[in-house]
Amino acid sequence: MNNAKKLAKHDGVGKKQGGDTSSLSLFSSKNKILAILGIVAVLVLCAGVCYMQLRPRPVLTVSTVDENGTEKKNTVYMKEAVYSIYQVENQYNQYSSIYQQMYGKTYWEMEDVDGKGRNGASAAKKQVMDSLKQREILYMEAQKRGYSLTDEEIKKTEENVATTVKNFTDAQKQMDGLDEKTLKSEFKKNALVEKFRQILIKESGIDEEALKATVNKDDYRQYTLQYYMVSNQDTSGEETQEVSPEQKQTNLSNMQALQEKAKTAEDFTKLLDEKDTTGIQYQTENLVKKDLNDSTFLTKKLRKQITKMKNDEISDIIEGEDGYYLVKMVNNDDSEAYDNQCNSVIEEEETKQFNAKYAEFAVNYVTEVQSYWKGRVKLGSFTIQ
């Protein structure tokens, strides 16, 4: 009887203890579920943030309607615009030190650089977008007309990409948009656009010889010079002053020694020793006949005398207003300036004819700049730190 009671008592306790374990197990399961849900929520949030950060950002859409009434739309994404930004930033950063010295500001900080109230950064940004709009329209029109690149042309673009990437910094190579995959696509698009541009120009029927005939060859006669110069001016102080008579005589003696050396030297450009301390400098100058009166090289009288020199003739020591000169006439009838002017006239006409051709079909395209470009993109240090 007592044993039965004990057994019953133990059974009761066992059932009570069993009930407590079930409760704890249920509590533990709920915690696991909540933890899992929390982890899932964090992962979803992280995925959302990553998507927002890494998702393709459209900066421009270009649309047109074909002859069948079907709309065709191209979207330019941010990474496809990065190389264009790099080119413009690289272009203006080359002059940054000049702007800093002259105006105390970088180009990007300069105000009203385009006469329309834009600072340098805003004007460059517009320059990039205008270029992207035209490029995309030309690309779509080229495809519409059935133009494409040959295998050889594609190979050339890939070689250009390899050369371009070599000039990037390590940071630029890691930048989305300056990676080789994107650049290959961009270079191919640019190549097709340029090919189409040349086709449009050729269709214009420009008479290059007739354009060259408008350039007076005698006006653009070029006198190509090499020379050495030592300054007789001291610019170390606040004001420029003449060097002492003793220093001036030393400069003259050094130039006369150089003149003697030039008489027997095979290469006029290599008269100075690597460790030269005389202050003499080697330079070049091109005088063009039509611009002789406006040139700042020496004086008008001295320029006139120099133009009478024969090819390979070396002058006596010339005393200019700022120092001593030793001049060699390399070519007194160089065609370089004439050729450059002919090319300039032809290029001007090509641009005129291209713009006319482009205007004929550009009206059929609608461009829309996207919000990300308007609000988030700032030039000046986007690709170049």
(message) For the residue pair Thr64 / Asn364, report whether a side-chain donor-acceptor contact shorter than 3.5 Å exists.
(response)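 Side-chain D/A pair, Asn364 to Thr64: absent.
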
(message) I'd like to know if the side chain of Glu109 pairs up with that of Tyr99 as donor and acceptor (distance under 3.5 Å, no hydrogens or angles considered).
(response)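 Not at all, the side chains of Glu109 and Tyr99 share no donor-acceptor pair under 3.5 Å.
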
(request) Test side-chain hydrogen bond (donor to acceptor under 3.5 Å, both in side chains) on Glu89 and Thr383 and set out the steps. (result) CA-CA 7 Å; Glu89 288 189 331; Thr383 63; 2.6 Å; yes

(message) For Ile154, is there any backbone N or O sitting under 3.5 Å from a side-chain donor or acceptor partner on Thr157?
(response)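 Side chain of Thr157 to backbone of Ile154: a pair is present.
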
Determine, using ring centers only, whether [Y] and [X] are less than 6.0 Å apart.
X: Tyr83; Y: Phe187; answer: yes
X: Tyr95; Y: Tyr92; answer: no
X: Phe268; Y: Tyr228; answer: yes

(request) Could you check Glu194 against Asn190 for side-chain hydrogen bond (donor to acceptor under 3.5 Å, both in side chains), going step by step and ending with a plain yes or no? (result) CA-CA 6 Å; Glu194 181 58 26; Asn190 291 340; over 6 Å; no

(request) Can you sort out the partners of Gln134 under side-chain hydrogen bond (donor to acceptor under 3.5 Å, both in side chains), two or more places apart, ordered by chain and number? (result)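 For Gln134, no residue satisfies side-chain hydrogen bond (donor to acceptor under 3.5 Å, both in side chains) once neighbours in sequence are set aside.
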
(message) Between Asn232 and Asn251, does the side-chain hydrogen bond (donor to acceptor under 3.5 Å, both in side chains) criterion hold? Intermediate values first, please.
(response) CA-CA 8 Å; Asn232 287 333; Asn251 289 344; 2.9 Å; yes

(request) Measure up the Tyr86 and Phe168 rings against each other and bin them: parallel (under 30°), tilted (30 to 60°), perpendicular (over 60°). (result)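 Perpendicular, since the angle between the ring planes exceeds 60°.
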
(message) Starting from Val363 and following side-chain heavy-atom contacts under 4.5 Å between hydrophobic residues (I, L, V, M, F, W, Y), which residues can be reached?
(response)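 None, because no other hydrophobic side chain comes under 4.5 Å of this residue.
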
(message) Any salt bridge linking Arg221 with Asp333? Criterion: basic side-chain nitrogen under 4.0 Å from a carboxylate oxygen.
(response)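 The answer is yes: the pair qualifies as a salt bridge.
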
(request) Kindly check if the number of other-residue, nucleotide or ligand heavy atoms within 6.0 Å of NZ (Lys155) is above 12? (result)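 Atom NZ in Lys155 is not packed in, count stays at 12 or less.
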
